[in-house]
Protein chains: 2
Amino acid sequence: MGADRKPFQRRATSYDVARAAGVAQSTVSRCFKDDSGISPETREKVLRIASEMGYARNSLARSLITRTSNMVGVIVTEFTMRNNPELVYSLGIQLRASGIGLILQVIENDHAISSILRQVLEFPLDGLICCSEMPPEDVARFVSRGIPLLFFNRIIEAAHVDCLALDHAQAGRTVARVLHEAGHRDFACVKGPEGAPVSKLRADAFRDTLKDLGIADVPTCATDFSYDGGRQGFLDLIRDRKPPDAVFCANDQLALGVMDACRHDLGLDVPGDISIVGFDDIPEAGRPSYLLTTVRQPIPDMAEQAMRLLMERIAAPQLPARKMLLTGELIRRTSARLAPA
Amino acid sequence: MGADRKPFQRRATSYDVARAAGVAQSTVSRCFKDDSGISPETREKVLRIASEMGYARNSLARSLITRTSNMVGVIVTEFTMRNNPELVYSLGIQLRASGIGLILQVIENDHAISSILRQVLEFPLDGLICCSEMPPEDVARFVSRGIPLLFFNRIIEAAHVDCLALDHAQAGRTVARVLHEAGHRDFACVKGPEGAPVSKLRADAFRDTLKDLGIADVPTCATDFSYDGGRQGFLDLIRDRKPPDAVFCANDQLALGVMDACRHDLGLDVPGDISIVGFDDIPEAGRPSYLLTTVRQPIPDMAEQAMRLLMERIAAPQLPARKMLLTGELIRRTSARLAPA
DNA sequence: TTGTACGCGTTATCAA
DNA sequence: TTGATAACGCGTACAA
């Protein structure tokens, strides 16, 4: 691929250690396993010599024969990586605690997944956590290889494939309802880019619920999933109309941008003039400058559940597909005027 | 390790494809290479059959024989992962652009590196980007294996080992100087945990420079590298004394916490009553609620340079060791009263 | 252009 | 308890 890169240097092999220790190569191999019947003296001698020679087993060769790479793949979109790194962090910690390696793939957005699939398929992963959409035919390729597959915040219907997600739609409905109950009638919605499934779920549920409540027109803008996107997007959205009295944003970064647009660009009081609700409950949302009312997505818990589901499937690949839907909690701070809980 | 995990299922091999196509296994192998002399008809037929069978090469086996795993390891501390995810993001993008995989290791802090070293050594990486300290004897193990090693924001002296870092000390001196020039005489410093090398470099340079300027007593607190740490740490620090008129924080998260402590807990005006300077220039620092004066650490650029250094060394492992020190830029916003530039 | 045969460094099997 | 030997799946000399 591209430049001609030098191979890694020769390192000591179990064969080298065996020769130095005057034993067979297979004996060396056994000394690095826990149980197998090796006399204490032999083991001690071999391990000592191995250590002196700087020998370390080659996990490539071992994986080849044991058919276990001890690696889990994690596919995340650029957005998750930048704005919700807690997920990768949590997964990293948990995998390490299980002694499993983490191969990270960052893709631009959900559509870009096909560009990395070949590379992912060529490495015999023990499992894959995918935080992106995936075409059914590609899902099938993993399944037919028997690679445990878990979708995070994406719902994919396929045999032997698990999903763990927040119930984004339900949360979107809740936000619409509580804002409406508090007397708001003039709404807007700022969502993420078209093709960001999570944003769509949240925003659609919000708008649909309002429609059921008799509010059909909800000015909406789609922008990139960022602070700047939210700030500029909202300003563009209300250029030709008067500001709404409540805005729902598909995530907290957008919401913080909208809030700053209101306060610093438009001179509006939040929540006096306008209520703002976000989604995720990122750390910044709770800080005194913002105190954003939002729906909490408990990422560390979700990461833990995801790991559990994946480990269970690795242990029992033939388990029926499981869908795990978590309920988001509305965190009431001061950025929105709400009826008492 | 731990639970008994089922191995991955059998997948089609080049041998299976060869038999189905009526050619030799080596022919199949050649069809997946770019150059090697294969007749167009054979290649087409083999690739078609391979595709039908869902065949994908096994990168484990290939790596074993080519002695190139096509994987780069990235070791980051928990702190980097949580508070400066831009680094992992940038590295992920760049590695993917080069067709190289990324094996991520998240460790608690710089001392925890020994706990993952065995696992890292067993996988024949093409290179390793380490954002943590590493004991010299462990550095030597990578070097003796010929694994290209690049330290990011850590300076390690070893033959054939590259380092890329911001000049934290110089930046710390600059901050001390500009604050002093602006007339501040009463300082405080909020730094990260003991054993966070970057924090130490920044804070020590700041304090040493002030000492040279005749200010020996700079109340300092060490706390965890976070917003909450900064906020609470600063409150604790000034419990028994009057607030200083300038605070230097070893990173932006701390600085934002200190700023909120000043404004929301202590009722101080920033920068009227107190100047605050941070470090990193994370996105939040530029937002209107904060407008933090800080030293920019150009993470995307640094990631790019790091990649370049590593790729060069992979191509030429015997290159002499290189140290690349970048100058941080002081970003003048409104959280600190400074003399005009 | 294609086939044969070997080796990468392990673990697993079987015999001793 | 240990040793010889066969896989694992691929890339690559060498021969045809």
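Remember, it's a predicted structure, so these values are computed and weren't measured experimentally. Side chains are part of it too, since the values below use all heavy atoms of this structure and drop only hydrogens, waters and symmetry mates.
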K.L.:
Starting at atom OH of A:Tyr15, determine the distance to atom P of D:dA6, rounded to an integer number of angstrom.
P.N.:
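Computing the A:Tyr15:OH to D:dA6:P distance gives 13 Å.
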K.L.:
Ion pair present between B:Lys323 and B:Asp162, side-chain N to carboxylate O less than 4.0 angstrom?
P.N.:
no
K.L.:
For a quick check of understanding: with a heavy-atom distance under 4.0 Å over all strands, which category does A:Ser59 fall into, base, sugar-phosphate or nothing?
P.N.:
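Here A:Ser59 touches no strand at all.
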K.L.:
D:dC10 P sits how many Å from A:Phe123 CZ, rounded?
P.N.:
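Taking atom P of D:dC10 as the reference, CZ of A:Phe123 is at 14 Å.
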K.L.:
For A:Glu312, give me all partners under salt bridge (Lys or Arg N to Asp or Glu O under 4.0 Å), at least two apart in sequence or on another chain.
P.N.:
A:Arg308, A:Arg322
K.L.:
Kindly write out the residues that satisfy side chain to side chain contact (heavy atoms under 4.5 Å, CB included) with B:Glu137, not counting sequence neighbours, or none if the list is empty.
P.N.:
B:Pro135
K.L.:
Going 5' to 3' along DNA chain C, which nucleotides are the first and last within contact of chain B (any atom under 4.0 Å from a heavy atom)?
P.N.:
C:dT1 to C:dG9
K.L.:
Compare all side-chain heavy atoms of A:Met324 with those of A:Leu326 and state whether any distance is below 4.5 angstrom.
P.N.:
yes
K.L.:
Once you round it to whole Å, what is the distance between P of D:dT1 and CD of A:Glu44?
P.N.:
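One finds 16 Å between P of D:dT1 and CD of A:Glu44, rounded.
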K.L.:
Applying salt bridge (Lys or Arg N to Asp or Glu O under 4.0 Å), name anything that partners A:Glu133, two or more places apart in sequence or on another chain.
P.N.:
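Here no residue qualifies.
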K.L.:
Starting at NZ of A:Lys45 and ending at C1' of D:dT2, how long is that distance when rounded to a whole Å?
P.N.:
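Answer to the nearest Å: 12 Å.
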K.L.:
Which residues pass the ring pair (Phe, Tyr, Trp, His ring centres under 6.0 Å) test with A:Phe123, sequence neighbours left out?
P.N.:
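So A:Phe123 forms no ring pair (Phe, Tyr, Trp, His ring centres under 6.0 Å) with any residue.
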K.L.:
Does a side-chain N or O from A:Ser39 land closer than 4.0 Å to OP1 or OP2 of D:dT2, or not?
P.N.:
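So the side-chain polar atoms of A:Ser39 do come within 4.0 Å of the phosphate oxygens OP1 or OP2 of D:dT2, strictly under.
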K.L.:
Taking salt bridge (Lys or Arg N to Asp or Glu O under 4.0 Å) as the test, write out the residues that go with A:Glu52, two or more places apart.
P.N.:
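Once residues adjacent in sequence are excluded, the partners of A:Glu52 under the salt bridge (Lys or Arg N to Asp or Glu O under 4.0 Å) criterion are A:Arg48.
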K.L.:
Describe, as an angle rounded to 10 degrees, how the axis at the first end of the helix from C:dT1-D:dA16 to C:dA16-D:dT1 is tilted relative to the axis at the last end, five pairs per end.
P.N.:
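If I round to tens, the end axes sit 40° apart.
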K.L.:
Under 3.5 Å, sequence neighbours excluded: what are the donor-acceptor pairs made by side chains of residues 22-29 of chain B?
P.N.:
{"unit_1": "B:Gln25", "atom_1": "NE2", "unit_2": "B:Ser14", "atom_2": "OG", "d": "3.3"}
{"unit_1": "B:Ser26", "atom_1": "OG", "unit_2": "B:Arg30", "atom_2": "NH2", "d": "3.3"}

K.L.:
May I have all residue pairs that pass ring-ring contact (aromatic ring centres under 6.0 Å, His included) and include part of residues 128-158 of chain A, sequence neighbours excluded?
P.N.:
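Non-adjacent pairs meeting ring-ring contact (aromatic ring centres under 6.0 Å, His included): zero.
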K.L.:
Which residue, B:Glu41 or A:Thr13, contacts DNA chain C at a nucleotide closer to its 5' end, judged by nearest heavy atom?
P.N.:
B:Glu41
K.L.:
Taking the nucleotide of DNA chain C with the closest heavy atom to each, which residue, B:Leu64 or B:Val23, is nearer the 5' end?
P.N.:
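Per heavy-atom nearest nucleotide, the more 5' residue is B:Val23.
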K.L.:
Return the set of residues passing salt bridge (Lys or Arg N to Asp or Glu O under 4.0 Å) with A:Asp138 (not counting sequence neighbours), or none when no residue passes.
P.N.:
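With sequence neighbours excluded, A:Asp138 shows a salt bridge (Lys or Arg N to Asp or Glu O under 4.0 Å) to A:Arg141, given in chain and number order.
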K.L.:
For a quick check, with a 4.0 angstrom heavy-atom cut-off, what is the B/S/- contact string for nucleotides 11-16 of chain D, read 5' to 3'?
P.N.:
BBB---
K.L.:
Any salt bridge (Lys or Arg N to Asp or Glu O under 4.0 Å) pairs touching residues 93-111 of chain A, not counting sequence neighbours?
P.N.:
A:Asp110-A:Arg154
